[in-house]
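Input: a single structure, listed below in structure tokens.
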Amino acid sequence: MEAVTKMVSERPVVIFSKSSCCMCHSIKTLLCDFGVNPAVYELDEMQRGKEIEQALISSLGSNPSVPAVFIGGEFVGGANEIMSLHLKRSLIPMLKRVGALWV
């Protein structure tokens, strides 16, 4: 989990993803369309991807393991949580608070 903690502290928005996951693609597209430039870690393309995935599952209860979205260093959740925040109009203010959006 130390590796995950370090990775999420480096950028305002971090997404742990898999390149073949359609929900991951949807969340990355949504955030990029807002103008966010998230750090994206494709676990299926990383050498330690399986280890990081296990840390996400065991430490955070992230199930399914991807997408796992961190905003401002805090675990927000997966696709359901991000879409729910968006529909409640809470996502953009949250992104602005952490400096991920300027407008």
Side-chain angles (χ1 to χ4, degrees):
M1 189 62 189
E2 288 176 32
V4 172
T5 303
K6 183 179 183 315
M7 295 162 98
V8 302
S9 69
E10 295 173 350
R11 298 280 290 278
V13 179
V14 176
I15 303 171
F16 291 95
S17 174
K18 288 187 179 175
S19 59
S20 60
C21 172
C22 64
M23 293 310 293
C24 294
H25 175 76
S26 298
I27 296 304
K28 290 183 288 189
T29 301
L30 175 72
L31 292 173
C32 289
D33 284 352
F34 287 153
V36 175
N37 186 21
V40 178
Y41 296 99
E42 300 290 355
L43 298 179
D44 57 335
E45 297 175 356
M46 296 174 65
Q47 203 167 7
R48 296 178 59 200
K50 287 272 186 214
E51 182 182 326
I52 293 170
E53 184 175 9
Q54 285 305 313
L56 291 170
I57 293 169
S58 64
S59 298
L60 302 172
S62 180
N63 193 13
S65 60
V66 293
V69 182
F70 290 78
I71 299 175
E74 298 292 322
F75 178 61
V76 175
N80 287 341
E81 292 79 9
I82 296 300
M83 291 307 295
S84 179
L85 286 169
H86 176 50
L87 292 172
K88 292 179 194 172
R89 300 184 187 271
S90 302
L91 183 58
I92 289 178
M94 182 183 291
L95 294 168
K96 286 180 181 176
R97 266 194 311 278
V98 300
L101 284 178
W102 300 103
V103 184

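All residue numbers refer to positions in the sequence shown, counting from 1. This is a predicted model, so every value here is computed, not measured.
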Heavy-atom side-chain proximity of [X] to [Y] below 4.5 angstrom:
X     : Y     : answer
Phe16 : Ile52 : yes
Arg97 : Ile71 : no
Leu31 : Leu91 : yes

Over 60° means perpendicular and under 30° means parallel, so tell me whether Phe75 and Phe70 are parallel, tilted or perpendicular.
tilted

Those residues at least two apart in sequence (or on a different chain) that pass ring-ring contact (aromatic ring centres under 6.0 Å, His included) with His25 are none

Quick check on the hydrophobic clustering: are [X] and [Y] connected, directly or via other members, by side-chain heavy-atom contacts under 4.5 Å?
X     : Y     : value
Ile82 : Ile92 : yes
Met83 : Met94 : yes
Ile57 : Val66 : no
Val40 : Met7  : no
Val69 : Phe34 : yes

Check side chain to side chain contact (heavy atoms under 4.5 Å, CB included) between Lys88 and all other residues, then give those that pass, not counting sequence neighbours.
Ser84, Ser90

Enumerate the side-chain hydrogen bond (donor to acceptor under 3.5 Å, both in side chains) contacts for residues 66-82, please, sequence neighbours excluded, ordered by first and then second residue.
none

Salt bridge Glu10-Lys6, side-chain N to carboxylate O under 4.0 Å:
yes

How close do [X] and [Y] get, heavy atom to heavy atom, and via which atoms?
X     : Y      : value
Gly72 : Val98  : CA-CG1, 3.6 Å
Pro12 : Ala100 : CB-CB, 4.0 Å
Pro67 : Ile27  : CG-CG1, 4.0 Å

Value for CZ (Arg48) from CD (Gln54), rounded to nearest 0.5 Å, stands at 13.0 Å

Candidates Ile15, Val13, Leu30 - the one meeting side chain to side chain contact (heavy atoms under 4.5 Å, CB included) with Val36:
Val13

Does the Asp44 side chain pair with the main chain of Lys18, one donor and one acceptor, at a distance under 3.5 Å?
no

Kindly indicate, with the supporting measurements, whether the criterion side-chain hydrogen bond (donor to acceptor under 3.5 Å, both in side chains) is fulfilled by Ser19 and Glu42.
CA-CA 6 Å; Ser19 59; Glu42 300 290 355; 4.9 Å; no

